[in-house]
Asks: 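Got a structure for you, written out below as structure tokens; questions coming shortly.
Just so we're on the same page: letters track the sequence lines, and every chain starts at 1. None of these values were measured; they are calculated from a predicted model.
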Amino acid sequence: MNRAAIINGMYEAMHAALGPSRWWPGDTPFEIAVGAILTQNTNWGNVEKAIANLKARELLSARAMLALDPAELAGLIRPAGYYNIKTARLRNFLFFLKDEAAFEIESLKVHVLDELRDKLLAVSGIGPETADSILLYALEMPTFVVDAYTHRLMRRHGLVHDEIDYHELRALFMDALPEDVALYNEYHALIVRTGKEWCRKKTGLCAACPLQPFLDICP
DNA sequence: TTCCTGCGCA
DNA sequence: TGCGCCGGAA
């Protein structure tokens, strides 16, 4: 079985074992984008607390959040960690929405994927994973999201070399899969769920993992 | 103590 | 290439 077939097979195995994920958790495209920034290297449970704080103050709109004093914003997102950095990153993104979309995130859909991706990457604080998360989950554009779980899972299975970078890994999935927003959405969700549950950082619980049949090497 | 859907900067 | 950023839960 070649690597593209393995990638397709892994999806089937996870989907069969775990079922639909209904991602991204978030009520609006703007909330999803905010969540994508807040969850950088951060447990989602802590992000939920920060989003709940914003929601309680009715601040989950680009205009309202940009009008807020940065120190107050930092206080509200404090549970998500890195709150000073993330305040700056959120504000960079809010200024971007103001300039590029007149505060209406969905109007960004007028751009073609590659151009919008470059624009997002030019915002300080939005790297490749955050950009792809916003594009796929908030704007429903066909880009594959790679994260630490994706790296770890593919390395444990001996399917990629250790030093593979984000761009290469993303291309690997996008070349192996049909261009399909729903499929990319669900595949990344399944990887995260599998990563949290079985493909843990220190020791993988490989024997019980849905991807066990695809295991070559398990350290 | 470890880990968490990263990122920018020195 | 390494390092700081940071709170909260297990």
Asks: Which nucleotide span of DNA chain C, 5' end to 3' end, has atoms closer than 4.0 Å to non-hydrogen atoms of chain A?
Replies: C:dC5 to C:dA9
Asks: Work out how far the P atom of C:dT1 is from that of B:dT5, and round it to whole angstrom.
Replies: 26 Å
Asks: Quick one: do A:Y11 and A:V181 end up in the same hydrophobic cluster if we chain Ile, Leu, Val, Met, Phe, Trp and Tyr together by side-chain heavy atoms under 4.5 Å apart?
Replies: yes
Asks: Taking any atom under 4.0 angstrom from a heavy atom of chain A, which nucleotides of DNA chain B are the first and last to qualify, 5' to 3'?
Replies: B:dC3 to B:dG8
Asks: For A:T130, report the nucleic acid contact type (base, sugar-phosphate, nothing); a contact means any heavy atom under 4.0 Å.
Replies: sugar-phosphate
Asks: Honestly curious: do A:I85 and A:F95 fall in one hydrophobic cluster under the side-chain, below-4.5 Å linking rule?
Replies: no
Asks: In whole Å, measure the gap between the C1' atoms of B:dC4 and C:dC5 for me.
Replies: 14 Å
Asks: Could you tell me whether A:I126 contacts a base, only the sugar-phosphate backbone, or nothing, with contacts defined as non-hydrogen atoms closer than 4.0 Å?
Replies: sugar-phosphate
Asks: Give a yes or no on whether A:H167 atom NE2 has more than 12 heavy-atom contacts from other residues, nucleotides or ligands under 6.0 Å away.
Replies: no
Asks: If you take all heavy atoms of A:N8 and A:A176, which pair is closest and at what distance?
Replies: ND2-O, 2.9 Å
Asks: Under 4.0 Å, heavy atoms only, any strand: does A:G45 hit a base, just the sugar-phosphate, or nothing?
Replies: nothing
Asks: Decide whether A:Y82 and A:I77 are clustered together by the hydrophobic rule: side chain heavy atoms of Ile, Leu, Val, Met, Phe, Trp, Tyr closer than 4.5 Å, transitively.
Replies: no
Asks: Would you kindly say whether A:D132 and A:Y184 are connected by a side-chain donor-acceptor distance under 3.5 Å?
Replies: no
Asks: What is the nucleic acid contact for A:R193, judged by heavy atoms within less than 4.0 Å: base, sugar-phosphate only, or nothing?
Replies: nothing
Asks: Which of residues 71-101 of chain A sit near DNA chain C, with a heavy atom under 4.0 Å from it?
Replies: A:R78, A:P79, A:G81, A:Y82, A:Y83, A:N84, A:I85
Asks: If you assign A:Y149 and A:L121 each to the DNA chain B nucleotide with the nearest heavy atom, which residue ends up on the more 5' nucleotide?
Replies: A:Y149
Asks: Mind telling me whether A:F144 and A:F173 have parallel, tilted or perpendicular rings, with 30° and 60° as the class edges?
Replies: parallel
Asks: NA contact type, A:S124, heavy-atom cut-off 4.0 Å: base, sugar-phosphate, or nothing?
Replies: sugar-phosphate
Asks: Answer yes if A:L121 and A:L116 sit in the same cluster of Ile, Leu, Val, Met, Phe, Trp and Tyr residues linked by side chain heavy atoms under 4.5 Å apart, and no otherwise.
Replies: no
Asks: Please work out which of the three classes, parallel, tilted or perpendicular, describes the rings of A:F30 and A:F93, given edges at 30° and 60°.
Replies: parallel
Asks: Going by distance alone, is a donor N or O of one side chain under 3.5 Å from an acceptor N or O of the other, for A:T150 and A:R170?
Replies: no
Asks: Has the side chain of A:N92 got a donor or acceptor atom that lies under 3.5 Å from a matching backbone atom of A:S124?
Replies: yes
